[in-house]
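To keep things clear, I will list the structure first and then write my remarks on it.
Note that the coordinates shown come from a computational prediction; the quantities given were computed from them, not determined experimentally.
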Amino acid sequence: MNIYKQIEAEIKAASNIVITSHKSPDGDSIGSTLGLLYFIEKLGKTATVCHPDPAPGFLYWLDTSSFLLMTDQPDEVAAAFTSADLVFCLDYNATNRIGPDMQALLEAVTCKTIMIDHHLNPEEFPTLIVSETTASSTSELIVELIEQSDNGALLDERIGTPLYLGILTDTGSFRFPSTKPRTHEVLAKLLRAGVTHHLVHEVLSDNNTASRLRLQGYAMSEKLEIMENYMVSIISLSKEELAKYNYQKGDTDGLANQALSIKGMKAAIVFTERDGIMKISFRSKGDENPVNILAAEHFNGGGHANASGGMSELTVIETLAKIKNLVPKYFSIQ
């Protein structure tokens, strides 16, 4: 029995299924969660989604109203974990990625746990692990689950739309090297299942607020710094600057890719002051410019070679100085 058939069997045998994903959700974590949830429902089962915090504004067109959030409903989340007989861990490879409160709940469960993820170096905490680092996204792996468990006929628009979203966002609209021939084969299956792909692109692109555009304009015009000797761009935004533009979660998403789009740029680093720490996004181009090592070695982070995250407990000025000091060590001079 292949692992996907094993997962199907575990779903059918379970009575209280919980689906989890990482903090600071993105298109892939939300997309894979909803895709799996709707697939489980197609199998005649139910599941409870427990996430650490809410989805960003650009994903509000998706129905996440049934999600239990650790930030808002800690008692309900705790009760769901206590009664769970199967827990899914989607789009994260270590228990600390779901925050300390949910981490404690996850590590206390005695039921079976299943990881489906595509990040490097997964921890060995789950009962079953699907860890495919060459996959474009966890959403792509949910499609594999549906197909390889011989349930391809169940794939429909409702299941497929959030999965298309997850693949779209985690591949940077199919521009990242993680986009492989198999990725496009999966996308074709989603389109045949009824996904209206152009509408997904429209709702992602056409949902800007005036304050978000003003914040991004300010970031690009006033805060963009380019280390031209290394072709690395850096943007830093303090909590005061975010507040000035009425920052909402998700408003700075895409800034790193914008900075990376500058002709000749090797990498872009964007960090924002939130919740008392600096949250950092690293983006780069090409196999010769990985950023996950920099993120892991100096900013308690990691991820993909060309798209990683990290954090800093230093001040804005100190974090900026640290990054500028490290750039020459990780990027070759022009």
Side-chain angles (χ1 to χ4, degrees), residues 22 24 26-28 56 93 97 118-121 133-137 168-180 183 215-238 241-242 250-274 277-334:
H22 58 75
S24 300
D26 55 20
D28 191 26
N93 59 357
R97 291 286 285 112
H118 67 127
H119 296 95
L120 297 171
N121 306 316
T133 59
T134 59
S136 70
S137 56
L168 169 68
T169 53
D170 241 34
T171 59
S173 297
F174 321 121
R175 64 177 289 191
F176 296 159
S178 59
T179 306
K180 301 292 195 300
T183 309
L215 172 60
Q216 294 195 353
Y218 168 75
M220 297 302 294
S221 65
E222 303 296 328
K223 300 307 301 285
L224 175 68
E225 300 184 46
I226 298 176
M227 298 182 68
E228 294 189 358
N229 286 343
Y230 303 94
M231 294 307 288
V232 173
S233 56
I234 305 170
I235 295 174
S236 62
L237 290 166
S238 69
E241 290 169 317
L242 295 175
D251 280 357
T252 57
D253 290 352
L255 267 182
N257 287 331
Q258 289 184 49
L260 185 62
S261 72
I262 298 170
K263 184 177 180 180
M265 203 59 52
K266 293 179 182 178
I269 303 170
V270 174
F271 67 91
T272 56
E273 185 179 10
R274 290 178 283 156
I277 62 173
M278 306 302 146
K279 297 191 176 181
I280 314 173
S281 294
F282 301 88
R283 297 292 184 270
S284 66
K285 297 175 183 174
D287 295 337
E288 68 278 9
N289 298 306
V291 287
N292 56 335
I293 300 173
L294 169 60
E297 292 183 348
H298 297 281
F299 296 100
N300 193 33
H304 305 292
N306 299 117
S308 295
M311 54 84 66
S312 168
E313 295 181 345
L314 301 174
T315 67
V316 174
I317 294 174
E318 292 168 338
T319 300
L320 182 59
K322 180 178 179 179
I323 290 171
K324 288 181 176 180
N325 183 57
L326 289 169
V327 163
K329 300 177 183 179
Y330 286 85
F331 300 96
S332 59
I333 198 166
Q334 283 293 99

Atom pairs and distances, donor-acceptor, side-chain atoms in residues 319-328, under 3.5 Å, two or more places apart:
{"from": "T319", "atom 1": "OG1", "to": "S312", "atom 2": "OG", "distance (Å)": "2.9"}
{"from": "T319", "atom 1": "OG1", "to": "T315", "atom 2": "O", "distance (Å)": "2.8"}
{"from": "K322", "atom 1": "NZ", "to": "H298", "atom 2": "O", "distance (Å)": "2.9"}
{"from": "K324", "atom 1": "NZ", "to": "E225", "atom 2": "OE1", "distance (Å)": "2.6"}

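D28 contributes no side-chain N or O that, together with a main-chain N or O of T169, makes up a donor-acceptor pair within less than 3.5 Å. A donor-acceptor pair is defined here as one N or O able to donate and one able to accept, closer than 3.5 Å; no such pair exists between the side chain of K279 and the backbone of R274. Listed for the K266 side chain is no donor-acceptor partner under 3.5 Å among the backbone atoms of V232.
The two residues Q216 and D253 make their nearest non-hydrogen contact at NE2-O, 3.4 Å. Considering all non-hydrogen atoms of both residues, I235 and A219 come closest at CG2-CB, 4.0 Å. Nearest heavy atoms, V270 versus L255: CG2-C, 4.1 Å. Scanning all heavy atoms of the two residues, the minimum distance from R283 to A256 falls at CG-CB, 3.6 Å. Closest approach of P56 and G250 over heavy atoms only: CB-CA, 4.0 Å. Summarising the geometry of V291 relative to A267, their closest heavy-atom pair is CG1-CB, 4.4 Å, with the distance given to 0.1 Å.
When side chains are defined from C-beta on, K285 counts as touching R175, because their heavy atoms get closer than 4.5 Å. Counting heavy atoms from C-beta outward, L237 and F271 have side chains that stay 4.5 Å or more apart. Between M278 and V316, the closest side-chain pair of non-hydrogen atoms falls below 4.5 Å. Residues F176 and N306 fail the side-chain proximity criterion, which asks for heavy atoms closer than 4.5 Å. The side-chain heavy atoms of M265 and I226, taken from C-beta on, include a pair separated by under 4.5 Å. Between E222 and E241 the shortest side-chain heavy-atom distance does not fall below 4.5 Å. S281 has its side chain out of reach of I269: every pair of non-hydrogen atoms, C-beta onward, lies at least 4.5 Å apart. Proximity of F282 to F299: side-chain heavy atoms (C-beta onward) are separated by under 4.5 Å at one or more points.
Within 6.0 Å of CG in N257 there are more than 12 heavy atoms belonging to other residues, nucleotides or ligands. Other residues, nucleotides and ligands contribute at most 12 non-hydrogen atoms within 6.0 Å of the CD1 atom of I317.
Listed by chain and residue number, H304 satisfy the ring-ring contact (aromatic ring centres under 6.0 Å, His included) test with H118 (two or more places apart in sequence, or in another chain).
Note that OG of S308 is 8.5 Å distant from NE2 of H119, once rounded to the nearest 0.5 Å. Note: L224 CG to Q258 CD = 10.0 Å, rounded to the nearest 0.5 Å. Atom OG1 of T252 sits about 7.0 Å away from atom CG of L242, to the nearest 0.5 Å. If you take OG on S332 and CG on N229, they are separated by 11.0 Å, rounding to the nearest 0.5 Å. The CG atom of D26 sits 10.0 Å away from the OG atom of S137 when rounded to the nearest 0.5 Å. The OH atom of Y330 lies 3.5 Å from the CD atom of E297; values are rounded to the nearest 0.5 Å.
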